[in-house]
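Within every chain, numbering begins at 1; the chains are lettered A, B, ... in the order of the sequence lines, protein sequences first and strands thereafter.
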Number of protein chains: 2
Amino acid sequence: MEKKEKKLIDTCPVRKSLDIIGGKWKLLIIGQFFGAEMLRYGDLKKLIPEISEKMLNQELKFLCKANILSKKIFHETPLRVEYALTDLGKQVIPFIGMLADLGNKLEELEGEA
Amino acid sequence: MEKKEKKLIDTCPVRKSLDIIGGKWKLLIIGQFFGAEMLRYGDLKKLIPEISEKMLNQELKFLCKANILSKKIFHETPLRVEYALTDLGKQVIPFIGMLADLGNKLEELEGEA
DNA sequence: TGGGGTACTTACCTTTTGGTTGGTTTTACT
DNA sequence: AGTAAAACCAACCAAAAGGTAAGTACCCCA
């Protein structure tokens with residue numbers, strides 16, 4: 001029943017999105033699911049070799065809580081866990097392309113007066 | 001003549017965009033220019049009262065260097081400085097609306113199973 | 001019994017980001 | 001000479017984000 005006094009700045013929907021999109025790894029992780037139905041923990045480790053396991057876990061946990069990714073555990077042996085984009089998560093994908101376009105325009109102007 | 005060994009991850013255009021969009025204040029500052037031809041330093045301080053002067057200066061400087069904002073100095077008295085969106089900066093505006101839409105969808109699902 | 005595979009977790013440390021406070025400069029007005 | 005307004009800077013500090021290294025749990029197979 002705790003009633004947190006949230007500031008406007010924290011309840012702003014833009015900021016909610018930045019929580020998903022911001023950070024060093026989240027968008028990179030989400031991007032891996034473009035063209036991949038589902039990915040396992042180990043797949044992501046291979047696809048993004050620079051990421052530490054701590055970060056990968058942390059971000060996966062976050063993205064699941066945020067309803068961007070779903071997690072399916074198969075109690076096989078060896079243990080298998082599959083991550084996939086939720087419907088909501090799929091809506092993030094187009095942003096990646098748009099951000100890339102913008103980024104390319106930014107590069108063109110680099111160093112210009 | 002320094003030749004920095006940049007990693008792929010740093011030259012990625014998506015990351016360039018995240019530099020502009022990320023952080024606590026940059027998008028908020030850019031958003032103030034929606035419907036405003038130009039804004040003065042003092043205007044922005046009033047429009048975003050929570051921001052510290054250090055951050056406002058820092059981000060304005062960054063956004064100018066990144067070709068998102070232009071800066072015009074009028075050597076009047078008292079000194080007048082006007083900031084405005086560049087053509088490139090105007091291309092960031094639509095993102096704000098899109099991020100807000102996504103953010104609203106995120107909120108709808110908050111706490112759901 | 002012990003090594004290997006998969007999926008994590010924890011403790012500790014460094015780097016980055018952001019906040020606080022108190023300056024500076026220029027010009028004008030009184 | 002003193003004060004004020006606008007724009008900006010710098011030193012210091014705290015909090016958040018990210019990195020490193022090691023360990024856990026589970027099960028299998030040799």
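- Residue-level contact check: B:Tyr83 touches the backbone only, with heavy atoms under 4.0 Å from sugar-phosphate atoms and none from bases.
- The shortest distance between the side-chain N/O atoms of B:Lys54 and the OP1/OP2 oxygens of C:dT17 is not below 4.0 Å.
- Side chain of A:Arg15 to main chain of B:Lys24: a donor-acceptor pair is present (N/O by atom type, distance under 3.5 Å, no hydrogens or angles).
- Note on A:Lys45: nothing from the nucleic acid sits closer than 4.0 angstrom, heavy atoms only.
- Among the atoms of the strands shown, base atoms are found under 4.0 Å from some heavy atom of B:Glu53.
- A:Lys26 comes within contact range of no nucleotide atom at all, as no heavy-atom separation falls under 4.0 Å.
- One finds no side-chain N or O of B:Lys46 lying less than 4.0 angstrom from the OP1 or OP2 phosphate oxygen of D:dA6.
- With hydrogens and angles ignored, the 3.5 Å screen pairs a side-chain donor or acceptor of B:Ser17 with a backbone N or O of A:Gly103.
- The distance from the CD1 atom of B:Ile93 to the CD1 atom of B:Ile30 is 7.0 Å, given to the nearest 0.5 Å.
- B:Ser52 comes within 4.0 angstrom of a nucleotide base, judged by non-hydrogen atoms across all strands.
- A salt bridge does not link A:Asp19 to A:Lys16: none of the charged nitrogens lies less than 4.0 Å from a carboxylate oxygen.
- Minimum atom distance to the side chain of B:Asn57 is reached by D:dC8, of the listed D:dC8, D:dG18, C:dA7.
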